[in-house]
Amino acid sequence: MEKLILIDGNSIASRAFYALPLLSNSSGLHTNAVYGFTTMLLKLIEEEKPTHFLVAFDAGKVTFRHADYKEYKGGRAKTPPELSEQFPLIRELVQSFGIAQFELSGYEADDIIGTLTRHADEKGLNVVVVSGDKDMLQLASEHVTIALTRKGISEVDLFTPAAIQDKYGLTPGQITDLKGLMGDASDNIPGIPGVGEKTALKFLHQFGTVEEVLANADEISGKIKDKIKEHADDARMSKELATIFRDVPVEMKLDELQYAGYEGTALGALFRKLEFKSLLDKLDLTASSQEGEEQEAIEVEIVDRDRLGALAGRLPEVEALHIEIVGENPHVSDFIGLALSLKQGGCLFVPAALLDVPEAGALRDWIADEKSPKTVYDMHRAEVGLYWKGIALGGVAFDVLIAAYLLDPTESTHTLNELAGRYKLPAVPADEAVFGKGAKFKVPDIDTLGLHLSRKAALLARLKPILNAELEKNEMSRLYYELEFPLARVLAGMEKKGIRVDAGGLRQLGGELGQAIEKLVEGIYKEAGSEFNLNSPKQLGDILFDKLGLPIIKKTKTGYSTDAEVLEKLAPYNGVVSSILNYRQLAKLQSTYVEGLLKEIRRDTGKVHTYYQQTIAATGRLSSQFPNLQNIPIRLEEGRKIRKVFVPEEQGWLMLAADYSQIELRVLAHISGDERMKDAFQNDMDVHTKTAMDVFGVPESAVDSNMRRQAKAVNFGIVYGISDYGLSQNLNITRKEAAQFIEQYFAVFEGVRRYMDEIVKQARTNGYVSTLLARRRYLPEINASNFNLRSFAERTAMNSPIQGTAADIIKLAMVQIDERMKRERVRSRMLLQVHDELVFEVPEEELELMKQLVPEVMESALALDVPLKVDVSYGDNWYEAK
DNA sequence: AAGGTCACG
DNA sequence: ACGTACGTGACCTTT
């Protein structure tokens with residue numbers, strides 16, 4: 001069966017451009033529209049399996065439509081340069097895909113497509129037209145299906161004439177009438193003012209066409225009648241403008257449109273230029289990439305037992321050490337081998353098993369030796385991974401991963417494969433290419449493995465001076481050497497120790513939850529009248545909105561929204577809804593915090609050993625995984641009970657928690673220099689109450705709980721990079737009221753307003769914002785022409801220095817506390833960091849000392865214009881330390 | 001693999 | 001007019 005796909009190239013390119021964030025490759029070339037276009041092509045090829053294929057483009061700016069109506073497409077914002085520069089690339093892309101392309105001076109892509117579909121109709125050939133433009137629907141017919149992009153780019157809605165009938169109650173031919181009446185703002189087609197889609201559809205269902213509507217205008221009542229009469233000519237012209245011209249002088253030679261699939265070479269080369277790494281991997285084009293790029297020859301010696309013995313005691317000078325721990329979680333992952341890059345040139349590869357033989361003693365000593373400096377990649381992960389094998393790591397002098405992260409924390413990953421490209425060094429294959437992924441993961445033969453790890457070690461040696469110089473240039477050396485780098489070891493220490501979890505207590509909690517859940521589920525099924533999967537938002541939506549007929553509050557891109565906010569609004573309509581909310585709450589506790597946590601308790605230690613990611617968060621915060629111990633419930637009492645199972649390792653010890661009070665607002669007071677806000681903190685006032693007093697202009701005695709709540713929300717908003725919409729959502733007030741609040745706030749806290757303006761300006765000039773300790777975040781989208789992208793970047797510019805400085809401060813405190821604890825030789829241990837809180841376990845006899853030491857160090861970690869305040873509490877478990 | 005939901009700061 | 005609050009990770013279902 002033959003099938004022709006026709007793509008409106010301009011339409012899809014701009015859809016892709018606006019749907020995706022502004023990506024760019026390392027040479028600054030923007031690539032988001034090309035990327036979106038690529039995924040669209042791949043999807044179409046896979047799903048539609050076309051035998052014929054064409055992409056049509058608009059040619060030139062003036063089309064025959066301008067001859068009739070010179071304002072056509074007037075008022076439309078100019079195509080942003082970030083998009084224009086991608087058109088040549090898209091044409092190159094289409095060519096590399098082996099797809100035909102066409103343009104004709106004076107015509108738009110939709111005219112070409114309209115003409116070709118007419119020919120196809122005549123020949124009875126099946127066609128799919130792909131566009132983002134609803135006008136295209138007029139082309140639908142027995143053989144022609146229209147695929148319109150949905151919100152994003154990856155999904156399309158298919159329209160046959162029947163589907164158009166279903167959705168609009170119109171025939172394809174009436175689409176032009178629809179446009180004639182309602183117009184189209186984006187093309188500057190006027191239509192009839194005051195007539196939108198709803199009204200237009202009503203008239204068309206009644207009269208059929210624009211002409212008939214105009215002829216029967218007298219039957220229409222009200223003001224609309226006058227408008228119709230007044231704008232009759234506009235309507236006729238609008239219809240004409242919206243009508244796709246289907247007689248372009250073009251002949252369809254089917255054999256020229258034949259599509260035989262794509263070849264990897266051309267596409268691979270283009271993807272490499274654009275740096276579409278994920279697509280290279282996905283299409284398995286990586287292999288073909290490796291021939292082209294020079295991968296330096298490298299001398300690898302695979303060390304065996306004899307050689308190891310010979311090396312003992314006189315290890316050659318080493319420049320870099322690569323330790324390969326495979327798997328996501330280094331606490332359970334495998335150490336498979338290490339490679340040494342030697343100063344004299346060449347590399348040594350040592351398989352993991354070899355470290356267990358007696359001859360490995362000297363090597364193990366060297367790995368552990370604090371006085372033998374090493375450059376590594378991800379020391380923290382290596383230290384943890386080796387720890388479970390009984391191997392100590394010491395003397396790391398430079399960590400390439402942390403340096404790469406600091407230099408650009410927004411990069412999604414910092415693999416060595418990428419870093420080689422980023423810094424124009426000889427390529428190293430991606431781990432996925434060597435090991436495979438998912439079910440296909442396999443450690444390769446010893447030669448391949450040795451070569452791969454050696455390449456990494458050699459690359460580390462070359463990256464070190466480059467990254468070090470970059471850090472110096474960005475004035476980040478102190479941030480690196482005095483904060484992030486020492487912190488890595490502190491984190492490794494905390495993780496190796498782990499935290500004790502009372503499994504029995506957890507199981508008991510699980511039993512109680514299970515019973516409560518069972519009861520709830522039974523009741524819900526009864527009230528709903530049927531059994532269904534309560535965990536499925538889709539099935540739940542069907543029950544609530546279709547079967548029970550509750551009002552739809554909000555939609556998601558796939559269907560009805562059933563989140564807690566929606567359910568709370570629905571609760572008054574039907575009693576079952578609050579049971580569902582209840583179920584959700586308990587089910588979350590059960591699956592994530594009881595079952596999930598139980599799975600993470602190690603048999604050998606009876607503890608959970610979280611893994612802190614130090615190189616993920618764009619703001620400089622840590623994140624915690626396997627399990628995440630930074631989101632243990634606290635806000636609701638039912639959940640908070642989970643904290644009771646986190647207990648000290650030893651009898652008679654206590655849990656001690658110390659948290660910064662309002663650290664982000666204190667940071668804001670400092671960096672904005674706002675006198676009023678500084679004053680509030682200097683006098684140790686309740687900052688939300690103080691905000692309420694100043695914003696509402698009342699004395700403290702007049703601030704009620706509601707005013708304080710609103711002031712608190714405004715303060716949160718300020719920290720997040722405020723918008724009236726966001727605040728209105730949060731406070732459930734109108735946007736206007738929210739805007740007034742904000743204005744009132746800024747009128748009082750002038751320094752904060754100045755900061756917000758200033759930091760956005762700074763982001764525009766420099767392309768980045770910084771924290772107090774010089775941590776950077778780049779914001780390439782701050783100058784985007786797309787409103788959403790730009791606004792997001794602006795809010796990020798306001799938020800990142802605040803959140804990031806708070807992160808700097810607690811990290812600094814952790815490093816200092818670790819030092820102090822070592823110096824004082826305490827037995828107490830630092831266990832957790834939860835963004836503004838540190839958790840310790842302490843022997844009772846050290847309680848007084850720690851109660852004093854911890855807040856003292858935290859409060860003095862960094863001197864600001866306002867005091868830092870820390871609250872300390874302790875108890876038999878984490879719950880009691882409140 | 002993606003989307004929805006919800007836990008935390 | 002545009003459509004969002006900032007930063008994360010885990011679990012479940014659906015594709």
Side-chain angles (χ1 to χ4, degrees), chain A residues 18 47 77 151-152 154-155 185-186 278 282 328 409-410 438 532-541 554-567 581 584-585 587-597 599-600 610-613 616-636 639-640 642-643 659-660 662-664 713-714 716-731 735 738 742 777 785-804 806-807 810 832-837:
Chain A
Y18 288 111
E47 289 181 3
K151 242 189 170 173
S154 45
E155 295 295 316
S186 70
S278 60
K282 197 166 143 194
E328 275 205 295
T410 43
F532 60 100
N533 188 342
L534 256 171
N535 291 327
S536 162
K538 189 164 174 278
Q539 294 181 34
L540 178 61
K554 196 164 63 165
K555 285 194 154 190
T556 66
K557 44 180 138 174
T558 50
Y560 310 120
S561 170
T562 67
D563 64 21
E565 200 191 319
V566 167
L567 295 185
L581 275 165
R584 282 251 176 98
Q585 192 202 337
K588 176 87 178 181
L589 294 177
Q590 182 77 304
S591 68
T592 302
Y593 297 104
V594 174
E595 291 164 1
L597 208 51
K599 277 186 220 145
E600 296 291 347
T610 192
Y611 178 55
Y612 287 104
Q613 283 285 4
I616 290 279
T619 52
R621 275 191 175 182
L622 299 176
S623 78
S624 152
Q625 300 173 315
F626 322 124
N628 181 352
L629 295 181
Q630 291 182 319
N631 70 349
I632 303 301
I634 187 165
R635 291 170 191 170
L636 302 173
R640 190 173 196 157
I642 297 281
R643 295 184 172 226
D659 66 291
Y660 281 110
Q662 305 294 353
I663 187 164
E664 292 191 337
V714 174
F716 264 94
I718 292 290
V719 169
Y720 291 157
I722 198 147
S723 74
D724 49 10
Y725 183 87
L727 183 64
S728 75
Q729 289 291 299
N730 193 289
L731 282 179
R735 219 164 115 168
I742 295 168
R777 177 166 183 180
S785 47
N786 179 307
F787 175 89
N788 283 329
L789 294 179
R790 192 176 62 246
S791 304
F792 187 55
E794 287 168 0
R795 291 196 297 274
T796 311
M798 300 183 225
N799 170 265
S800 287
I802 302 172
Q803 195 182 113
I810 194 164
L832 298 174
Q833 188 252 42
V834 194
H835 308 306
D836 64 355
E837 173 186 17

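A, B, ... follow the sequence lines: proteins, then strands. Residue 1 opens every chain.
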Visitor: Work out how far the P atom of dG3(C) is from that of dC8(B), and round it to whole angstrom.
Guide: 31 Å
Visitor: Tell me every residue that passes salt bridge (charged side-chain N to carboxylate O under 4.0 Å, His left out) with Glu600(A), counting only those two or more places apart in sequence or in another chain.
Guide: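 For Glu600(A), no residue satisfies salt bridge (charged side-chain N to carboxylate O under 4.0 Å, His left out) once neighbours in sequence are set aside.
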Visitor: Who passes side-chain hydrogen bond (donor to acceptor under 3.5 Å, both in side chains) against Tyr720(A), sequence neighbours left out?
Guide: none
Visitor: Counting only distance, no hydrogens or angles, is the base of dG9(B) paired donor-acceptor with the side chain of Arg635(A) under 3.5 Å?
Guide: yes
Visitor: Between Glu837(A) (CD) and dT8(C) (P), how many Å, whole number?
Guide: 20 Å
Visitor: For residues Pro633(A) and Leu589(A), report the shortest heavy-atom separation together with the two atoms involved.
Guide: CG-CD2, 3.8 Å
Visitor: Nearest-Å distance, CZ (Arg735(A)) to C1' (dG3(C))?
Guide: 8 Å
Visitor: So what does Ala806(A) touch, heavy atoms closer than 4.0 Å: a base, only the sugar-phosphate, or nothing?
Guide: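 Nothing: the residue Ala806(A), judged by heavy atoms under 4.0 Å, touches no strand.
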Visitor: Using a cut-off of strictly less than 4.0 Å, decide whether Gln539(A) has a side-chain nitrogen or oxygen near OP1 or OP2 of dT14(C).
Guide: yes
Visitor: By salt bridge (charged side-chain N to carboxylate O under 4.0 Å, His left out), which residues pair with Lys538(A), not counting sequence neighbours?
Guide: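 Scan of Lys538(A) (salt bridge (charged side-chain N to carboxylate O under 4.0 Å, His left out), adjacent residues dropped) gives none.
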Visitor: Could you list the residues that satisfy side chain to side chain contact (heavy atoms under 4.5 Å, CB included) with Ala587(A), not counting sequence neighbours?
Guide: Tyr583(A)
Visitor: Which whole-number value in Å describes the distance from Ile616(A) CD1 to dG7(C) P?
Guide: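 Computing the Ile616(A):CD1 to dG7(C):P distance gives 14 Å.
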Visitor: Residues two or more places apart in sequence or in another chain: which of them pass ring-ring contact (aromatic ring centres under 6.0 Å, His included) with Tyr593(A)?
Guide: none
Visitor: Taking it one step at a time, do Ile810(A) and Tyr660(A) satisfy side-chain contact (heavy atoms from CB on, under 4.5 Å)?
Guide: CA-CA 9 Å; Ile810(A) 194 164; Tyr660(A) 281 110; 3.9 Å; yes
Visitor: Please produce a list of atom pairs where a protein N or O lies less than 3.5 Å from an N or O of nucleotides 10-12 of chain C.
Guide:
residue : atom : partner   : partner atom : Å
dA10(C) : OP1  : Phe626(A) : N            : 2.9

Visitor: In terms of side-chain heavy atoms of Lys538(A), which of dG9(B), dA7(B), dT15(C) is nearest?
Guide: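 Nucleotide nearest to Lys538(A)'s side chain: dT15(C).
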Visitor: Could a donor-acceptor pair under 3.5 angstrom be found where the side chain of Ser723(A) meets the base of dT4(C)?
Guide: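 Checked by distance alone, the answer is yes.
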Visitor: Whole-Å distance between dA7(B) P and Gln630(A) CD?
Guide: 17 Å
Visitor: Test of understanding: with salt bridge (charged side-chain N to carboxylate O under 4.0 Å, His left out), list the residues that count as partners of Arg735(A), not counting sequence neighbours.
Guide: Asp724(A)
Visitor: If you compare every side-chain N and O of Thr556(A) against the phosphate oxygens of dG4(B) (OP1, OP2), does one of them come in below 4.0 Å?
Guide: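 Checking Thr556(A) against dG4(B): at least one side-chain N or O falls below 4.0 Å of OP1 or OP2.
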Visitor: Just jot down the side chain to side chain contact (heavy atoms under 4.5 Å, CB included) partners of Ser723(A), sequence neighbours excluded, or say none.
Guide: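 In terms of side chain to side chain contact (heavy atoms under 4.5 Å, CB included), with neighbours along the sequence ignored, Ser723(A) is linked to Tyr725(A).
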Visitor: Should we say atom CZ of Phe716(A) is surrounded by more than 12 heavy atoms from elsewhere, each under 6.0 Å from it?
Guide: no
Visitor: Looking for any heavy atom pair under 4.0 Å, which part of the strands does Ile632(A) touch: base, sugar-phosphate only, or nothing?
Guide: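 Sugar-phosphate, backbone atoms only, no base.
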Visitor: Nearest-Å distance, CZ (Arg584(A)) to P (dC6(B))?
Guide: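 It works out to 5 Å between those atoms.
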Visitor: Have a look at Ala564(A) and say if it touches a base, only the backbone sugar-phosphate, or nothing, with a 4.0 Å heavy-atom cut-off.
Guide: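 Contact class for Ala564(A): sugar-phosphate only.
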Visitor: So, do Tyr725(A) and dT4(C) meet the stacking rule of ring centres under 5.5 Å and planes under 30°?
Guide: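 Yes, aromatic ring over the base.
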Visitor: With respect to the phosphate group of dC8(B), does any side-chain polar atom (N or O) of Arg621(A) fall under 4.0 Å of OP1 or OP2?
Guide: no
Visitor: Between P on dC8(B) and CZ on Arg640(A), what's the gap in Å once rounded to a whole number?
Guide: 10 Å
Visitor: Report yes if some heavy atom in the side chain of Thr796(A) is under 4.5 Å from a heavy atom in the side chain of Phe792(A); otherwise report no.
Guide: yes
Visitor: Enumerate the residues from residues 793-804 of chain A whose closest heavy atom to DNA chain B is under 4.0 Å, giving them by residue number; use none for an empty result.
Guide: Gln803(A)
Visitor: Output all residues satisfying side chain to side chain contact (heavy atoms under 4.5 Å, CB included) with Asn533(A), sequence neighbours left out; order by chain, then residue number.
Guide: Asn535(A), Ser536(A), Gln539(A)
Visitor: Where the side chain of Leu727(A) is concerned, which of dC6(B), dA5(C), dC6(C) is the nearest nucleotide?
Guide: dA5(C)
Visitor: Heavy atoms only, 4.0 Å cut-off, all strands: where does Val834(A) land among base, sugar-phosphate and nothing?
Guide: sugar-phosphate
Visitor: Can you tell me which stems DNA chain C forms when a stem means 3 or more consecutive Watson-Crick or G-U pairs under 3.5 Å?
Guide: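 Correct response: B:1-9 with C:6-14.
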Visitor: Expressed in angstrom and rounded to an integer, what is the separation of Ile810(A) atom CD1 from dT8(C) atom P?
Guide: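 These atoms are roughly 17 Å apart.
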Visitor: Can you work out whether Phe792(A) or Gln613(A) has the more 5'-proximal nearest nucleotide on DNA chain C?
Guide: Phe792(A)
Visitor: Take Ile616(A) and Gln625(A) through the side-chain contact (heavy atoms from CB on, under 4.5 Å) test and state the conclusion after the steps.
Guide: CA-CA 11 Å; Ile616(A) 290 279; Gln625(A) 300 173 315; 6.0 Å; no
Visitor: Looking at dC8(B), dG3(C), dC6(C), which one has an atom nearest to any side-chain atom of Arg643(A)?
Guide: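 Selected nucleotide: dC8(B).
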Visitor: Between dT4(C) and dG4(B), how far apart are the two P atoms, rounded to whole Å?
Guide: 12 Å
Visitor: From the set dC2(C), dC6(B), dT14(C), return the single nucleotide nearest to any side-chain atom of Phe787(A).
Guide: dC2(C)
Visitor: Given atom CD1 of Ile634(A) and atom P of dC8(B), what is their separation to the nearest angstrom?
Guide: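 For the pair Ile634(A) CD1 and dC8(B) P, the rounded distance is 8 Å.
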Visitor: Look at Ser561(A) and dT5(B) and indicate whether a side-chain polar atom (N or O) is within less than 4.0 Å of OP1 or OP2.
Guide: yes
Visitor: Side chain to side chain contact (heavy atoms under 4.5 Å, CB included) with Ser624(A): which residues, sequence neighbours excluded?
Guide: Thr610(A), Tyr612(A), Asn628(A), Leu629(A), Gln630(A)
